[in-house]
Novice: 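Can you read through this structure? Questions will come right after.
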Amino acid sequence: MPGTATTGTAGTTERGATVWLTGLPSAGKTTIANALADRLRAEGHRVEVLDGDEIREFLSAGLGFSREDRHTNVQRIGFVAELLASNGVKALVPVIAPYADSREAVRKRHQSEGTGYLEVHVATPVEVCSVRDVKGLYAKQAAGEISGLTGVDDPYEAPDSPDLRIESHTQSVPESAAALHALLTERGLA
């Protein structure tokens, strides 16, 4: 398959892949992605973390939070992730991506290009996420300052059969990253 591997500095072929981490706000997606990225980099892999907040600022500026805008945002991120992965990069994508059809479109794009893709559901209950409240979103929603918070007053369609389900409220970040690394290894992607 053209474009699915590159030759690394040691002369070995590097197979890229996209690891899509979906879950509620404050579920632990970015924390787990960064822990996995550190481990993969230490092993010599080329890795990029496509953080949802950064993508919204730089690639999807001007998009709102309607279903259509969220779909457009996810497709843009999916395109960039596939482009990186098809060029030998491990693209770690911690993005809420609340709608199943949007995530499925990204998976199908990867499949049609022959690019590795794993969907990981960081399945943290909303009650735990609202306590973590990393960005203060749950507090703002409770105070009536914002609406459309995914999982509270806007839908989140949890994956029915992800490649991996991580319950970050019952396992540590290192345990979560290790489980994900084990899956990458099992699938021949690490």
Side-chain angles (χ1 to χ4, degrees), residues 1-23 27-61 63 70-123 157-166 168 173 176-190:
M1 286 171 258
T4 58
T6 60
T7 303
T9 55
T12 59
T13 301
E14 175 80 16
R15 183 167 181 215
T18 294
V19 178
W20 195 280
L21 295 96
T22 179
K29 302 176 299 295
T30 302
T31 303
I32 294 166
N34 286 330
L36 178 61
D38 290 346
R39 180 170 179 178
L40 290 170
R41 286 183 185 117
E43 294 172 354
H45 297 282
R46 295 169 52 208
V47 180
E48 288 295 331
V49 177
L50 301 178
D51 180 77
D53 292 332
E54 292 175 359
I55 295 291
R56 272 212 173 263
E57 182 179 349
F58 297 106
L59 185 64
S60 294
L63 288 180
R70 288 176 191 242
H71 178 77
T72 299
N73 185 48
V74 167
Q75 297 317 296
R76 287 178 182 176
I77 297 168
F79 173 80
V80 172
E82 195 285 323
L83 186 64
L84 288 167
S86 69
N87 283 284
V89 175
K90 305 289 189 276
L92 309 183
V93 187
V95 176
I96 295 169
Y99 301 112
D101 60 343
S102 296
R103 295 189 307 265
E104 185 57 25
V106 171
R107 178 187 292 275
K108 285 182 178 175
R109 174 175 179 72
H110 281 71
Q111 287 173 337
S112 72
E113 298 295 325
T115 305
Y117 179 87
L118 297 174
E119 182 180 67
V120 179
H121 180 207
V122 183
E157 299 169 357
D160 290 330
S161 54
D163 296 288
L164 179 65
R165 193 173 316 275
I166 293 175
S168 73
V173 171
S176 298
L180 190 41
H181 188 276
L183 178 64
L184 280 165
T185 302
E186 174 187 310
R187 301 278 175 94
L189 300 171

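Just so we're clear, the structure is a prediction, and the values are computed from it rather than from any experiment.
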Novice: Quick one: does Val19's side chain get under 4.5 Å of Lys90's, heavy atoms only?
Specialist: no
Novice: Just how far is it from atom CZ of Arg107 to atom CG of Asp163, taken to the nearest 0.5 Å?
Specialist: 5.0 Å
Novice: List in chain and number order the residues that pass side-chain contact (heavy atoms from CB on, under 4.5 Å) with Asn73, two or more places apart in sequence or in another chain; answer none if no residue qualifies.
Specialist: Ile55, Arg56, Ser60, Leu63, Ile77
Novice: Closest heavy-atom contact between Thr22 and Ala97?
Specialist: OG1-O, 3.5 Å
Novice: Just do the side chain to side chain contact (heavy atoms under 4.5 Å, CB included) check on Asp53 and Glu57 with the steps written out, would you?
Specialist: CA-CA 6 Å; Asp53 292 332; Glu57 182 179 349; over 6 Å; no
Novice: With sequence neighbours excluded, what pairs up with His45 under the ring-ring contact (aromatic ring centres under 6.0 Å, His included) test?
Specialist: none
Novice: Could you measure the distance from the NE2 atom of His121 to the OG atom of Ser168? Nearest 0.5 Å is fine.
Specialist: 9.5 Å
Novice: Closest heavy-atom contact between Ala33 and Leu92?
Specialist: O-CD1, 3.3 Å
Novice: Is a salt bridge present between Arg103 and Glu119, judged by a nitrogen-to-oxygen distance below 4.0 Å?
Specialist: yes
Novice: Any side-chain heavy atom of Leu184 within less than 4.5 Å of one from Leu40?
Specialist: yes
Novice: Testing the basics here: between Glu48 and Leu84, what is the closest heavy-atom pair and its distance to 0.1 Å?
Specialist: CB-CD1, 4.1 Å
Novice: Looking at Arg41 and Val47, would you say the former's side chain and the latter's main chain have a donor-acceptor pair under 3.5 Å?
Specialist: yes
Novice: Test side chain to side chain contact (heavy atoms under 4.5 Å, CB included) on Val93 and Thr18; report intermediate values, then the result.
Specialist: CA-CA 7 Å; Val93 187; Thr18 294; 3.9 Å; yes
Novice: List the atom of Glu113, the atom of Glu82, and the distance in Å for their closest heavy-atom pair.
Specialist: CB-OE2, 3.2 Å
Novice: Give the C-alpha distance, both sets of side-chain angles, the deciding distance and a yes or no for side chain to side chain contact (heavy atoms under 4.5 Å, CB included) between Val106 and Gln75.
Specialist: CA-CA 6 Å; Val106 171; Gln75 297 317 296; 3.8 Å; yes
Novice: For the pair Thr185 (side chain) and Ala190 (backbone), establish whether a donor and an acceptor sit closer than 3.5 Å, ignoring hydrogens and angles.
Specialist: no
Novice: Are any of the side-chain heavy atoms of Arg70 and Pro98 separated by less than 4.5 Å?
Specialist: yes
